[in-house]
Structures are given as C-alpha cells and as structure tokens.
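Notes follow once the structure below has been shown.
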Amino acid sequence: MGFLTAIWMLSLVLSGTALTAVGAVMVLRWADTRRDRRSTARRGVALERLMAFLDGRADGAAVLAAAGGRTDVAADLVRELVGIVAGDDRERLVALLVVWDAPGRLLPALRARDRRQRREAAAALGLFDRDDVVAALRRALGDRDPEVRLAAARSLVEAGRPPPLDDLARAIVAGGGPVSQEWRGVFRRIAADGPDDFSALTKADRPRDVRLFAIDALGRAAADGTLARLIDLFADPDVEIRAAALRALAVIGHPAATDVVRAGFADPAWEVRTQAAVTAGRIGLPDLNAVLEHQLHDGVWWPRYRAGQALARLGDDGLARLRALRDAGGPASRVADLALREAGA
Amino acid sequence: MIPGLPDAGDPQAWIGAIAWAVAALVIASCALQVVLYTAHLVIAAVHMARRGRTPAAARLWSDLAEVAPPIALLVPAYNEEATIIENIRSLLSLDYPTLEVIVVNDGSRDATLARVIETFGLVPVERAFEASVPHRPLRGLYASRDYPNLLMADKENGGKSDALNAGINLSRAPLFCAVDADSVLETDALIRAVGPFIEDPEGTAVIGGTIRVANGCRIEGGRVVEAGLPRRILPLFQTVEYLRAFLMARIGWSRMGALTIVSGAFGIFRRTVAVAVGGYTQGTVGEDIEIVIKIHRHMIDAQRPYRIVFSPEPACWTEAPETLAVLARQRRRWQRGTLETFARHRDMLFDRRYGRIGTLGFGSILLIDVLGPPLEVAGYVLIPWFWWIGALSLDALLAFLGLTFGFGVFLSVGAVLLEELGLRRFPRTGDLARLTLAAVLENFGYRQLNNLWRIQGTWEYLRGVGGWGEMTRRGIGAPKPGG
C-alpha cells in the first residue's frame, strides 16, 4: 500500500469509525428510550402499590409483581422512598427490603472489584441494623477507596451503630492524600446522637484533620470535661487548632471561656484573633468589651471588623463604645461606623 | 553559498524552499495538534467511563449540605436590563445551603440598576469590606430584608474585571463563583461543583464547570426545563464546539494537571487565592484565562500545593451568538485575550520551574492559539499552491485534505459521543443525529471561518485594539419576536 493510499485509508477509518460509533450509540439510545418508557410505566404502577402498601391496602408481593417480579428494581424504588419517610413507614419499608433479601445482595457487592459498586453498596447498607451488616461495614472502613470508607462510616452512623472513634480516625487518614470535609458531618452526627468521648482524638499525637473534626464535634457533644479540654487546646502551637477550639467554645456558649477568649485577642495569628472576636460576640461576653474596643485598632482588617460586629451585638455598652470610636476619628473610626450602620444603629 | 540552501541568485528556488519550510512547519504543527487532541479524547473517554453514574442532587445535598462552604455568586452586569431580573431570580433559587448573590452594576447606561432596585424592593445599605483588590469607586450598595442573600452594588464603569474585583471585596464567603449576568446556572450546579473544595479544602484553588449553549432550550422562570438544540446552524455549530472544548479539552487538560482556563461564565474560586494574586487584571478582555494563569504562577512561585480542576457535570447555559458579525467579534476578542495573557506571562513558556503549566499549558497556547491559526491558513493556501505549481499531485492534495477533514470529523463526533455516553443531556435520539451532522459539516467552512476570525483577532492584538465590542443578545428565556 502506497503512502497516499494509507492516508486515504486512515481518513476513511477515522470518519467511518466515528460515524459507525454514532450509529451504534443512536441504536442504543433508541433501545434505552423504549426500555425507559416501559420501566417508567412499571415504576409508576409499583410506586402506587408501594403507597397502598404503606396504607395497608396491599402487600409486598403486590409491589413485587408490579415491578415485574424484579426484586432489584422494587428494592431500588423502596430505597428511594425510605429517604423521605420516617417512623413506622420507614420500618415497614426496611422490613420489606429484608424480605427481598436486599442486604444479601448488597453484602457481596461490598467486596466487588469495581469501587463504584462498593460505594453504592456501602451507602445502601445503612438501612439495616444487623450484626452481619455492621461487621461488613466496619471492615469496609479499611477499604482502599476513601469514598467507600466514608460511605461505610455514614451507614454505620445511620444504622445507629457508630464505629469506635479510633476506627473512624484510622479510616479518615488511611491511604494518605487529602481528607474530605465530609467526615466532619459524620463526626457531628455521632456527636448529636450522644456525648462520645472525642477528647481522645484531639490529642497532639493524632493527625491534624482528625483533631480538627474532633474539636468541632466536641463543641456539639457538650460532654463532661468538654469545656476544660477545649480550654487546654487553646495552648496548642497549631493556629488552626487554636481557632477551632475558639469556634467550638462559641458553639457551647459558656461564659467560663472568657479568659481563653481574652487570650485569643493577643494571639499572634490574625485568624485566631478574628475567631476570638466572633466567639466573644456569640457567647455575649460584656467583660471583654474593652478588649474588643482595643481590637478595633488591629492591623488586620478581619479581626478589626469582627470586633466591631461583636461590639454591636453586645448591648448598649458595646454600641456606646462604637459610637465613641466613630466620633473620635482615626483608623478604627471607619470600622466602628460601618459596624453601627450594619447593625442599623 | 551555504550548502543545502538555494543559489542566492535564484529567487524562484528561494520561494520554493521557503514554501517547503513553511509546509514542514504546518505539517509538524498539525501532527503535534493531532497527538494532543487524540490524547484529550482518550483521557476524557477514560474519565467519563470511570466516573460512574451521576449522583442525584438530593443525595449530594444530604451528603454535602452540612459541610458545603458558603459561596458568593458574583454577577457583573453592564446594560443587562433585558435579562437581569430573570437571572437574579434564577440565581436566588439555586439549591445551595449558604449562598449570597452579589450583583455588581458596572455603571450601566440603561435601567439595570433601577429595575433591580424596584423589583426586589432594595434600599441603600452599608457593608464593611476590606479593599483587598483594586476597583473603581462604589456609588452605593442596596439590599432588602425580603431577599437577605441579595446584595446589589452600583459602581462606576470599569469593565468586567473591575466589577468582579468589587464583588470579591464585598464577598465574605470563602468561595466565590463568577457568573455572567446573561447565563443560567442549573439549580444543582453549585452543589455538584463544590465537591473538590470539600474533598481537598486546602489544595483546591479553582473549579470550572461546563458551559452549554442555551439557544433551543426551553427556559422558564430562569431555569432550563428542557434541553434542546438550536434551530439555527451557527449556534448548532457552537454547540458542537462547546462539547469539544469542555467535554474533551478541559477534561483532558484537567486530568493532565495543565488547565489554563476556567470559563468566565462559570468558575468557583477560593477567595483568599484570588485576593493573593490581586484579583482580576484590569484592562484585559481575557480576564478568565488571565486570573487562572496568575494563580498558577503565584502558587508555583510560593511552592504551595494546589489544583485547578474541571468538573463536567455542573452546567451553566449561555446564549450563543446567532449572527456571523457578533460571533466574529466574540472570537476576535477571545483571541486577543489569549494573546494578551500569553504575552504577559511569556516567561513561563517552557520554564521548567512551572512544570506542566510551562510546558504543556503554555506550549499548547503557543501551538494552538498563537501559531495554530496562521499555520492552518498557510496550509490551506500552500497545499493547493503546491498542487498548482506541480510540486504536489492532485492525489496527494486530495489525500491531505481528506485526512484533515477526516480527523476533524473524528474529533467532533468523539465529543458528541462523550456527551451521549457520559451525560446525555439532550433528550431526543434525533438530537444525536443533528449534532453528528453538525459535527461533520462544521469542518467545511465554519472551522476555516473561525481561523480567519482568530487571525483577525491576532491582527487586532498586534495593533493594540482593546475593548469588548457590542454583544447583541435577545435574552435567555425571552419570548421570541412575535411569540
């Protein structure tokens, strides 16, 4: 074959391949559309039966029959519905999934080679508070894929069987790489369900991300000793940890934090000084009004601005100080003026 | 006489030698582009195949809402009275946990400001902010208790970059999203786009989303309720172009770690990073590519780990020009913007300190945007000329042209396939056929016109022509004349 013939062949192969592929995809789309139309119709009927099931007018077999006898299709539909119902209805739907052996199909998928299958299985298994499911999800906390680990942790929390915090901490940092902020939500849910001891995870020998999530959770758990631990953490050399401790103290809102917040205003890091001003305003610490007033002269804009905002929230004394600063002129005057205007004062 | 060169007294031989040298350059450049585009197509196909099913928005919301960082939507508006109200309503209704819409009226000469104030019942307010990045003076800020997450800023005219800088200063969220006032974000676009900022909060600097052509879509209440293809051929060609640019090239560059542009119509930035580079550069028409390059330079110079990524799922719909004159202005402007940035940061080209950005990113700008248009046009002129003077047989001429068009069709259809297999936004099977037809036809005339406009853009750049030119828009979702 000559050079020019080869070029022609290549052109034809490229164009032909592209157009053949489009043809094939169009046939696929056509078939999909027909299948979708059928499954949408079937799904509509199954959904009606499912509603009837919840009202006690139909049984699980009727739902399954409407789904064409396909337990996987029916189970998908039930799983969608489970997310928007609660109480007895939710229990009954989960029981239906157990009858159709949904956990039995999902558990092997947790060991699939395809990580998408493992993720979907880990996310779906949270509905089943069963020992075998919990054991499998705990094993999945060691999965090599971070999203599978996260989905497993979420499911364990959803099932009301949160894993030991140490296991959670290991799952977060396993494999290295960036740590998703979604773990913060898992910690918060655990904290909301009960005052677990997150203090151990805030120790200096723990990974930084784990410490930050644990401090955030401590603010929401309000367990015994939380306040003392957060106050201790303020001595940490890490700027982020000190700021996080102040943020958690703001959530707790206990006036015992006054001394720590006062120390926060003298912190060398502007992020910590900013958070100290926010915390003072949120807890409502009028003892710190003089310090806040001084903070309006901070060299960095954010601590200055947050101090102005905090003073505006701290009643007549705070407002009076802002007015005095506004009228005195100087660098703090503009911030004081804006804080007053923003507060509508 | 230098060996290998024609005789100095033989001008005919010199012309021939120069022509062959240019032809060799054209062929080498084309070959490099073929390698690059093929790599993009393969990388994008692998990425789309691996990423799995698009998660439902409700699922994303339940997983991310609690930890999704607040976002400020910055909407620069200049003479947008036809579309601004609908667009603000659309932005206010986006599904995102903590969102503030900051509309910056850039000294419009029409009733943009008055219409917004009247429609949303805004009153003058004050907001404390730090002048972190430069912009023209603000004339007033307006807000309303009824719309607590809407802020309207009125400022002296200073251009899009200037308006965006004002928005950056006014925003208090850790992230900001720059959107065009004439574009429509999908309701779940932000929650879909924000993922990388949650997964890698310290490393992620910028995220870009897909821009899609809204002409032909059914838009109600500022939302795309049904995707469709444009009826007119010009926006239809642009639909294929956008698919190629976003689903192929941007995915490819993003996966290669060398993304040099995030569309000005839809990009999410970490505010601190944007402030660190001085915000948007004033007086440029390519502010989107410019800020991304500045961020690359800043982060590499500071030796900070970072990533700038593209995400194909979140989408923003924009109105594509429907006339040749408007399209030509837009393309000339894009070319000028790219060349401005290339010239401003030319020291990054092939500088090993800048790694993939210096070699792949800037190398591709040199190849595709700087040298590409003149070389392709040179190819169109030289190859027939070689045939005319007998240096190239008719068979060879046709074979080269066949290859050029065959590869063009292959790439464009490949982008259409990526859309179909990965996202499937167009609901009808017939849409695929129309897209494929457009993907074939655009190689015959439209592509060459584009090159011509880019050459004109280059010429304008060399002459120092500035400004945006007038963009005539009908308004997204506006009723058709007589309709």
Side-chain angles (χ1 to χ4, degrees), chain A residues 2-8 10-19 21-23 25-30 32-33 80 83-84 114-117 119-120 123 146-147 150-151 154 177-185 188-189 300-302 304-305 308-309 334-335 337-342 344, chain B residues 50-53 56 58-59 62-69 125-132 172 195-204 393 395-396 398-414 416-417 420-421 424 427-433 435-436 439-440:
Chain A
F3 179 62
L4 292 183
T5 314
I7 291 179
W8 270 117
L10 181 60
S11 311
L12 288 174
V13 166
L14 285 172
S15 310
T17 306
L19 297 176
V22 167
V25 164
M26 282 176 69
V27 172
L28 268 177
R29 163 72 88 99
W30 176 77
D32 278 358
T33 307
E80 282 175 35
I84 53 173
D114 183 351
R115 61 182 180 164
R116 284 174 296 177
Q117 280 186 36
R119 270 182 226 166
E120 282 169 21
E147 290 187 39
L150 179 63
R154 275 199 183 114
V179 171
S180 171
Q181 290 299 299
E182 290 176 77
W183 287 101
R184 188 185 297 278
R188 285 183 180 177
R189 275 175 222 177
V300 181
W301 188 82
W302 278 106
R304 229 168 36 229
Y305 168 64
Q309 267 191 326
R334 170 82 180 141
V335 179
D337 182 41
L338 285 166
L340 284 166
R341 285 170 187 263
E342 279 191 356
Chain B
R50 278 191 181 165
R51 70 184 233 300
R53 259 196 297 184
R59 175 85 210 181
S62 81
D63 287 350
L64 305 181
E66 198 176 6
V67 291
V125 292
E126 290 281 347
R127 171 178 283 207
F129 67 91
E130 185 182 26
S132 307
R172 289 175 180 169
F197 283 111
I198 296 171
E199 287 153 18
D200 183 9
E202 288 180 18
T204 308
S393 69
D395 287 348
L398 293 176
F400 278 117
L401 284 177
L403 185 61
T404 306
F405 293 122
F407 187 68
V409 168
F410 178 73
L411 279 182
S412 300
V413 171
V416 173
L417 288 174
E420 172 62 12
L421 298 174
R424 205 180 263 194
R428 287 174 290 272
T429 312
D431 291 339
L432 259 180
L435 275 175
T436 305
V440 174

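Chain letters run A, B, ... following the sequence lines, proteins first and then strands; every chain starts at 1.
There is no contact between Thr404(B) and chain A, counting heavy-atom distances below 4.5 Å. When heavy atoms are compared at a cutoff of 4.5 Å, Leu398(B) approaches chain A by way of both its backbone and its side chain. Only the backbone of Pro427(B) comes within contact range of chain A, judged by heavy atoms closer than 4.5 Å. Residue Val179(A) touches chain B through its backbone alone, counting heavy-atom pairs closer than 4.5 Å. Both the backbone and the side chain of Arg29(A) come within contact range of chain B, judged by heavy atoms closer than 4.5 Å. Contacts between Leu403(B) and chain A at a heavy-atom distance below 4.5 Å involve backbone atoms as well as side-chain atoms. For Trp302(A), the part sitting under 4.5 Å from any heavy atom of chain B is the side chain, from C-beta outward, and nothing else. Neither the backbone nor the side chain of Asp114(A) has a heavy atom closer than 4.5 Å to any heavy atom of chain B. In this structure, chain A has no heavy atom under 4.5 Å from any part of Ala68(B).
Applying the 6.0 Å contact sphere to CD of Glu202(B) captures no more than 12 heavy atoms from other residues, nucleotides or ligands.
Separation of atoms CG (Leu28(A)) and CD (Glu420(B)) is listed at 8.5 Å; rounding is to 0.5 Å. Distance check, rounded to the nearest 0.5 Å: CD of Glu126(B) to CG of Leu340(A) gives 11.0 Å. Note that CZ of Arg50(B) and CZ of Arg115(A) are 7.5 Å apart. Values are rounded to the nearest 0.5 Å.
Nearest heavy-atom pair across Phe400(B) and Ile7(A) is CE2-CD1, 4.0 Å. The minimum heavy-atom distance between Arg189(A) and Ser62(B), with the atom names listed, is NH2-O, 3.4 Å. The two residues Gly402(B) and Ser11(A) come nearest to each other via the heavy atoms C-OG, 3.3 Å. Between Phe410(B) and Ala18(A), the shortest heavy-atom contact is CA-CB, 4.0 Å.
Arg154(A) meets the salt bridge (Lys or Arg N to Asp or Glu O under 4.0 Å) test with Glu182(A), Asp63(B); sequence neighbours excluded.
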